[in-house]
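Heads up, the thing below is written out as structure tokens.
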Amino acid sequence: QLQLVESGGGLVQAGGSLRLSCAASGRTFSSNAMGWFRQAPGKEREFVAAIYWSGGSTFYADSVKGRFTISRDNAKNTMYLQMNSLKPEDTAVYYCAAAGKQYFIGSSYRRISGYDYWGQGTQVTVSS
């Protein structure tokens, strides 16, 4: 099994930056496609970004394009989400997730059903 633990969340002023980390342990990390989701109060969990095992292919939700950057360091078994120009609308619990394969089929990268492993989440709060 693959275990995922998020860290790096906190309180930040609008326009500021945060970097989230997702540490993986257990089964092999390097071959898994991975992603970030978030869930705001009263809303459904939504896709944020995804990345393939090589790091060469990335996907982003329209709401974060140009502001967030997903990356991974397979040697350190860690995935990152660099969040810049944060807005109050970005306030949510952020979850890291891993698929049980190297690649996604079609649009499965932006669907909860496309992932097999989940972390417990880390809170990000952006003040106005």
Side-chain angles (χ1 to χ4, degrees):
Q1 298 296 316
L2 181 64
Q3 291 81 47
L4 305 173
V5 180
E6 304 93 337
S7 63
L11 176 64
V12 64
Q13 189 174 355
S17 299
L18 283 174
R19 188 180 73 161
L20 305 183
S21 298
C22 174
S25 62
R27 61 178 282 180
T28 302
F29 165 81
S30 61
S31 63
N32 295 88
M34 301 187 69
W36 289 95
F37 285 72
R38 67 186 183 186
Q39 187 165 20
K43 296 185 178 181
E44 296 182 348
R45 190 171 300 187
E46 66 175 357
F47 167 75
V48 176
I51 188 169
Y52 278 171
W53 67 271
S54 67
S57 296
T58 57
F59 309 87
Y60 295 94
D62 289 342
S63 60
V64 306
K65 286 182 179 178
R67 299 189 298 121
F68 292 9
T69 302
I70 188 171
S71 62
R72 64 192 295 169
D73 186 337
N74 292 340
K76 297 181 179 180
N77 291 333
T78 303
M79 178 178 66
Y80 305 96
L81 184 68
Q82 178 65 47
M83 305 185 295
N84 298 327
S85 301
L86 283 163
K87 305 175 181 179
E89 306 93 271
D90 296 317
T91 295
V93 175
Y94 283 71
Y95 298 89
C96 119
K101 55 187 181 296
Q102 292 183 323
Y103 307 103
F104 296 105
I105 302 298
S107 61
S108 62
Y109 64 88
R110 58 183 175 85
R111 299 173 181 171
I112 293 175
S113 61
Y115 299 82
D116 299 297
Y117 307 96
W118 295 84
Q120 295 301 304
T122 185
Q123 177 70 49
V124 171
T125 302
V126 184
S127 62
S128 60

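As the structure is a prediction and not an experimental result, all values here were calculated from the model.
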Worksheet item: How about Phe37 and Tyr115: are their ring centroids closer than 6.0 Å?
Response: yes
Worksheet item: With a 4.5 Å heavy-atom cut-off, do Tyr95 and Gln39 have their side chains touching?
Response: yes
Worksheet item: Can a salt bridge be assigned to the pair Asp90 and Lys87 using a cut-off of 4.0 Å between side-chain N and carboxylate O?
Response: no
Worksheet item: Would you say the side chain of Met83 lies within less than 4.5 Å of the side chain of Leu20, judging by non-hydrogen atoms?
Response: yes
Worksheet entry | Taking every non-hydrogen atom, the tightest pair across Gly100 and Asn32 | CA-ND2, 4.0 Å
Worksheet item: Is any side-chain heavy atom of Met34 less than 4.5 Å from a side-chain heavy atom of Cys96?
Response: yes
Worksheet item: Is there a side-chain contact between Ile112 and Glu44, using heavy atoms and a 4.5 Å cut-off?
Response: no
Fill in: Summary of disulfide (SG to SG under 2.5 Å) pairs that have at least one residue in residues 98-128, sequence neighbours excluded
none
Discussion item. Would you say that Arg19 contacts Tyr80 through its side chain, given a criterion of any heavy-atom pair below 4.5 Å between the two side chains?
Written reply: yes
Worksheet item: Quick one: does Leu86's side chain get under 4.5 Å of Phe68's, heavy atoms only?
Response: yes
Worksheet item: Should Arg38 and Ser63 count as side-chain neighbours, where that means a heavy-atom distance under 4.5 Å?
Response: yes
Discussion item. Could you tell me if the side chain of Trp118 sits less than 4.5 Å from the side chain of Arg45, heavy atoms only?
Written reply: yes
Discussion item. When you group the ILVMFWY residues by side-chain heavy-atom contacts below 4.5 Å and let the links chain together, are Leu81 and Leu11 in the same group?
Written reply: no
Discussion item. Donor-acceptor check, side chain of Arg110 to backbone of Phe47, threshold 3.5 angstrom: yes or no?
Written reply: no
